[in-house]
Amino acid sequence: MQYWLMKSEPDVFGIEHLTKAKRRTTAWDGVRNYQVRNMLRDEMRVGDLAFFYHSSCAIPGIAGVVKISRAGHPDHTALDPENDHYDPRSTPENPIWYMVDVTLVERFEHVISLADLRAEQALQDMLILRRGNRLSITPVSPAHWRHILKLASHIRKSDTRKRVARS
DNA sequence: GCCAACGTTGGC
DNA sequence: GCCAACGTTGGC
């Protein structure tokens with residue numbers, strides 16, 4: 001079992017879209033970076049889990065958890081001249097670009113913001129926190145994964161306390 | 001194979 | 001909208 005972090009711009013496709021998608025599943029298409037292509041094609045396995053990260057938005061951060069529900073297969077959007085991600089170098093016989101399918105596992109009640117993540121000493125060496133990091137998919141260590149899930153549950157508990165205190 | 005120019009990402 | 005950082009392109 002491996003863990004990942006996958007970035008998407010919520011204005012284009014966010015976790016909100018995934019909650020409404022058929023079978024809460026979507027193809028993770030449009031990746032046009034070779035390092036990330038190699039992860040999609042060669043490394044990501046069905047059953048792996050990934051954080052769904054919102055980038056380039058008001059509150060960048062982790063919005064929930066998805067699982068890989070289909071392993072790497074050719075990204076057909078590269079073959080479609082009408083598509084924004086069209087790449088004339090890619091052909092059905094020789095596809096250059098790959099995608100996986102992801103299925104929603106959990107949407108966090110609140111996004112764990114980038115600022116929240118940066119505040120955690122235990123997460124200092126996360127790839128996502130390194131300056132200049134531009135990969136749209138990065139591996140996440142089991143220790144970091146567990147730590148972030150703990151953060152998510154703490155946020156839930158503190159919310160509960162606040163609700164109780166108010167009532 | 002080098003490297004400058006250019007395009008893109010993404011936080012702020 | 002700015003800009004740092006990085007990947008890609010293409011001339012040589």
Side-chain angles (χ1 to χ4, degrees), chain A residues 2-21 26-44 48-68 72-102 104-141 143-145 147-152 154-155:
Chain A
Q2 304 170 102
Y3 302 109
W4 308 92
L5 181 144
M6 305 172 80
K7 293 183 197 170
S8 185
E9 299 183 19
D11 294 344
V12 180
F13 191 92
I15 204 159
E16 176 78 24
H17 296 92
L18 192 52
T19 64
K20 294 172 181 164
T26 189
W28 203 267
D29 60 17
V31 169
R32 297 295 179 265
N33 169 286
Y34 285 104
Q35 221 177 319
V36 179
R37 187 279 308 269
N38 292 346
M39 293 185 228
L40 289 166
R41 189 188 58 186
D42 307 328
E43 296 179 35
M44 300 175 85
D48 285 358
L49 295 173
F51 289 127
F52 192 124
Y53 181 91
H54 283 173
S55 66
S56 296
C57 58
I59 305 175
I62 297 171
V65 174
V66 297
K67 69 170 180 240
I68 309 306
H73 53 291
D75 181 347
H76 55 78
T77 66
L79 305 174
D80 174 8
E82 301 298 309
N83 194 284
D84 284 346
H85 301 291
Y86 176 57
D87 184 344
R89 298 170 301 169
S90 196
T91 65
E93 298 74 30
N94 239 323
I96 298 177
W97 302 114
Y98 282 71
M99 59 190 186
V100 297
D101 288 1
V102 303
L104 184 65
V105 172
E106 178 187 4
R107 179 182 185 174
F108 294 153
E109 284 182 48
H110 301 284
V111 170
I112 304 174
S113 72
L114 184 58
D116 292 339
L117 297 172
R118 286 197 192 287
E120 294 298 311
Q121 194 59 42
L123 302 178
Q124 287 309 301
D125 54 348
M126 269 193 88
L127 290 172
I128 188 78
L129 301 183
R130 288 223 198 123
R131 64 199 216 89
N133 158 63
R134 297 179 54 191
L135 294 179
S136 61
I137 300 179
T138 46
V140 173
S141 75
H144 289 161
W145 181 270
H147 191 89
I148 291 167
L149 284 187
K150 213 183 303 174
L151 283 182
H154 286 166
I155 290 171

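Chain identifiers are assigned alphabetically (A, B, ...) following the order of the sequence lines, protein sequences preceding nucleic acid strands; residue numbering begins at 1 within each chain.
Distance OH (A:Y34) to P (B:dT8): 15 Å, rounded to an integer number of Å. Distance A:H85 NE2 to B:dT8 P: 12 Å, rounded to the nearest Å. Rounded to whole angstrom, the span from the CG atom of A:D87 across to the P atom of C:dT8 amounts to 12 Å.
By the 6.0 Å contact criterion, CD1 on A:I59 is open, its count of non-hydrogen atoms from other residues, nucleotides or ligands being 12 or less.
For the residue pair A:D125 and A:H144, a side-chain donor N or O sits within less than 3.5 Å of a side-chain acceptor on the partner.
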Hey, what are the protein-to-nucleotides 9-11 of chain B N/O distances that come in under 3.5 Å?
{"unit_1": "B:dT9", "atom_1": "O4'", "unit_2": "A:R134", "atom_2": "NH2", "d": "3.3"}
{"unit_1": "B:dG10", "atom_1": "OP1", "unit_2": "A:K7", "atom_2": "NZ", "d": "2.7"}
{"unit_1": "B:dG11", "atom_1": "OP1", "unit_2": "A:Y53", "atom_2": "OH", "d": "2.8"}
{"unit_1": "B:dG11", "atom_1": "OP2", "unit_2": "A:S56", "atom_2": "N", "d": "2.9"}

For nucleotides 3-5 of chain B, tabulate all protein N/O to nucleotide N/O atom pairs closer than 3.5 Å, reporting atom names and distance.
none

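Taking each heavy atom of A:L104 and A:V66 in turn, the nearest pair found is CA-CG1, 4.1 Å. Closest heavy-atom contact between A:N33 and A:W97: N-CZ3, 3.5 Å.
At least one side-chain heavy atom of A:I68 sits less than 4.5 Å from a side-chain heavy atom of A:M6. The shortest distance between side-chain heavy atoms of A:R32 and A:T77 falls below 4.5 Å. Looking at heavy atoms from C-beta onward, A:M126 lies in side-chain contact with A:I148 at the 4.5 angstrom threshold.
Contacts between residues 88-100 of chain A and DNA chain B, defined by a heavy-atom separation under 4.0 Å, are absent.
Applying the side chain to side chain contact (heavy atoms under 4.5 Å, CB included) rule to A:H73 yields the partners A:R70, A:M99, A:D101; only residues at least two apart in sequence or on another chain are considered.
By the 30° and 60° cut-offs, the orientation of the rings of A:F13 relative to A:H17 is parallel. Taking the six-membered ring where tryptophan is involved, the planes of A:F108 and A:F51 are tilted, since the angle between them lies from 30° to 60°.
Applying the salt bridge (Lys or Arg N to Asp or Glu O under 4.0 Å) test to every pair with at least one member in residues 86-97 of chain A, sequence neighbours left out, gives these pairs: A:D87-A:R89.
Rounded to 10 degrees, the angle between the two end axes of the helix from B:dG1-C:dC12 to B:dC12-C:dG1 is 10°, with five pairs used at each end.
Atom CG of residue A:D75 and atom CG of residue A:D29 lie 5.0 Å apart, to the nearest 0.5 angstrom.
The six-membered or imidazole ring of A:W4 lies away from that of A:F52, with a centre-to-centre distance of 6.0 Å or more.
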